There are 2 protein chains.
Amino acid sequence: MTAATDIASSAVSVDAVVLRVGADGAEVLIHRRAAEPFAGDWALPGVLLGAGERISDAAIRAAGKAGVSAAAVDGVGQLVVFDEPHRDPRGPTLSISAWVAVRGFEPSDPETARWVSWEALPPLAFDHTRILADVRPVLADKLWRDLTFTAALTGSEFSVRTALDVTRSLTGSDVDRGNLNRTLKRIAVRSDRESSSGVGRPGALWRWP
Amino acid sequence: MTAATDIASSAVSVDAVVLRVGADGAEVLIHRRAAEPFAGDWALPGVLLGAGERISDAAIRAAGKAGVSAAAVDGVGQLVVFDEPHRDPRGPTLSISAWVAVRGFEPSDPETARWVSWEALPPLAFDHTRILADVRPVLADKLWRDLTFTAALTGSEFSVRTALDVTRSLTGSDVDRGNLNRTLKRIAVRSDRESSSGVGRPGALWRWP
DNA sequence: ACAAAAGTGTTAAAATTACACCCATGG
DNA sequence: CCATGGGTGTAATTTTAACACTTTTGT
């Protein structure tokens with residue numbers, strides 16, 4: 001008998017905090033649950049962790065349940081484990097939360113999956129509201145300090161506007177453009193220029209070294 | 001059928017990084033494994049997480065395997081999840097690492113369990129050497145910033161000497177006494193005095209607010 | 001010309017770092 | 001009185017923060 005079959009452990013799920021950079025800065029992907037419990041409710045995409053499966057692989061699989069293809073994923077990382085015994089009505093289930101950075105994905109059906117800003121989150125199934133509340137400061141702390149996370153989120157090239165929006169959306173407060181520009185000068189490199197946004201002076205693009 | 005029984009998930013263990021403040025600063029408790037695999041080898045105390053069991057409870061239970069009574073535990077907290085599929089020869093097993101701060105425990109048999117400094121760690125079973133290496137900077141980061149962790153580790157009253165030793169043992173480098181004193185002035189409060197250590201000028205004791 | 005957005009400069013405050021010097025105790 | 005360890009002071013550097021001013025674009 002093996003360790004994987006002879007013990008009565010909690011089930012283990014991986015709940016994905018799928019992030020992209022949108023108009024409101026960092027946005028979270030939520031989808032409507034197809035199965036019970038909480039069928040039809042908005043929730044973070046989650047899967048049960050398979051035997052021997054890596055957490056990052058499970059997180060990508062979870063993002064897939066909301067329509068995200070593995071090719072659209074730029075990075076994954078673990079966050080916090082939630083172990084409250086009654087968080088799942090089916091029985092004790094651990095939730096390992098993980099961030100998944102995604103680029104270029106738009107849900108086909110906005111009734112089934114959609115991007116939401118951190119300020120406009122609807123009520124979510126399970127303890128997912130709590131998960132997002134707990135996880136937001138962790139993400140804010142990683143920003144501009146954990147370069148793996150930050151680069152995955154921003155993509156290879158990004159504007160100062162993007163940087164400002166992402167920071168504000170995760171920290172909840174405004175940041176100074178000049179100061180953030182100096183931070184970028186320390187940790188990133190400039191490339192060409194860009195405007196496209198329309199009005200105003202075009203800004204530089206930043207890349208990761 | 002419930003979520004806890006119908007899936008083929010990895011087993012979940014909680015491995016305790018049991019810490020105390022000793023002569024070398026923060027020290028880790030290791031014990032000899034009683035069962036296979038790695039029977040007789042030094043390892044972190046670990047347990048399989050029971051269904052519905054809290055991670056902190058499992059961590060205390062794990063510390064108990066090395067002889068620590070629950071009453072000696074001052075605090076517990078989760079650290080990192082290790083998910084490498086071959087880390088346990090019995091089969092895929094997650095390891096949730098957790099810190100456990102302990103006061104006033106001395107192993108009865110030094111051949112079965114002992115406190116070791118971070119510099120003098122013997123080879124450990126499983127990936128436990130790797131776990132400690134990964135976890136040390138996380139603990140160093142928590143020190144003097146996560147007050148729950150710090151207070152549990154130092155105990156209610158501690159000297160500057162203790163503070164210095166703990167910092168050096170976790171960061172690996174020396175800290176300035178004057179500067180650390182000022183940090184304490186910001187986050188803690190003084191009480192009376194103490195010497196007992198013998199030689200040298202007696203120092204103040206610090207307490208948590 | 002004007003508004004909007006980006007770039008740069010300046011300055012004050014705070015934190016970090018590295019020392020230096022003086023004080024209290026045991027032997 | 002001297003070695004050992006503790007407390008306080010100081011100064012240079014770096015980081016953080018807040019704000020002002022200039023530049024480039026579209027309308």
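Values in this document were obtained by computation on a predicted structure and should not be read as measured data. In what follows, every chain begins at residue 1, and chains take the letters A, B, ... in the order their sequences are listed.
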field: Under-3.5 Å donor-acceptor pair between R161(B) side chain and dG5(D) base
entry: no

field: Out of dA24(C), dT8(C), dT8(D), whichever nucleotide has its closest atom nearest the side chain of K185(A)
entry: dT8(C)

- prompt: What is the ring orientation for W144(B) with F158(B), classed by angle as parallel under 30°, tilted 30 to 60°, or perpendicular over 60°?
  reply: tilted

- prompt: Within this structure, what is the CG-to-C1' distance between N179(A) and dT14(D), rounded to whole angstrom?
  reply: 14 Å

- request: Return the value, rounded to whole Å, for the distance between atom CG of L180(B) and atom P of dT17(C).
  value: 12 Å

query: Between dT25(D), dG7(C), dG7(D), which nucleotide has the shortest distance from any of its atoms to the side chain of P202(A)?
result: dT25(D)

- request: Assess whether side-chain contact (heavy atoms from CB on, under 4.5 Å) is satisfied between L44(B) and L132(B), documenting all intermediate values.
  value: CA-CA 9 Å; L44(B) 297 177; L132(B) 287 180; 4.0 Å; yes

task: Give the nucleotide from the list dA18(D), dA18(C), dG7(D) with an atom nearest to the side chain of D176(A).
output: dA18(D)

task: Could you please name the option among dT8(C), dT24(D), dC19(C) that lies closest to any side-chain atom of R190(A)?
output: dT8(C)

- request: Starting at atom CZ of R201(A), determine the distance to atom C1' of dA5(C), rounded to an integer number of angstrom.
  value: 9 Å

- prompt: Is the NZ or CZ atom of R114(A) both under 6.0 Å from the centre of the six-membered ring of W42(A) and within 45° of that ring's axis?
  reply: yes

query: Between atom CZ in R145(B) and atom P in dA15(C), what is the gap in whole Å?
result: 13 Å

query: Ignoring hydrogens and angles, are the base of dG9(D) and the side chain of R182(B) linked by a donor-acceptor pair under 3.5 Å?
result: yes

message: For the backbone of A26(B) and the side chain of S169(B), can you confirm whether one donor and one acceptor N or O come within less than 3.5 Å of each other?
response: yes

field: Interatomic distance, F158(A) CZ vs dA6(C) P [rounded to whole Å]
entry: 13 Å

message: Taking atom types as they are modelled, would you say the side chain of N181(A) forms a donor-acceptor pair with the base of dA6(C) within the 3.5 Å cutoff?
response: no

statement: When rounded to whole Å, the CG to C1' distance for the pair L205(A) and dG7(C) reads 14 Å

Interatomic distance, L164(A) CG vs dA6(C) C1' [rounded to whole Å]: 10 Å

- prompt: Could you state the CG-P distance from D174(B) to dG5(D), rounded to the nearest angstrom?
  reply: 13 Å

message: Using the rule side chain to side chain contact (heavy atoms under 4.5 Å, CB included), only one of V68(B), I30(B), T112(B), L29(B) pairs with P107(B); which is it?
response: L29(B)

task: Go through the N and O atoms of the side chain of R177(B) and the base of dG7(D), and report whether any donor-acceptor pair is under 3.5 Å.
output: yes

field: Nucleotide nearest V199(A) (side chain, heavy atoms from C-beta), chosen from dT17(C), dA4(C), dA24(C)
entry: dA4(C)

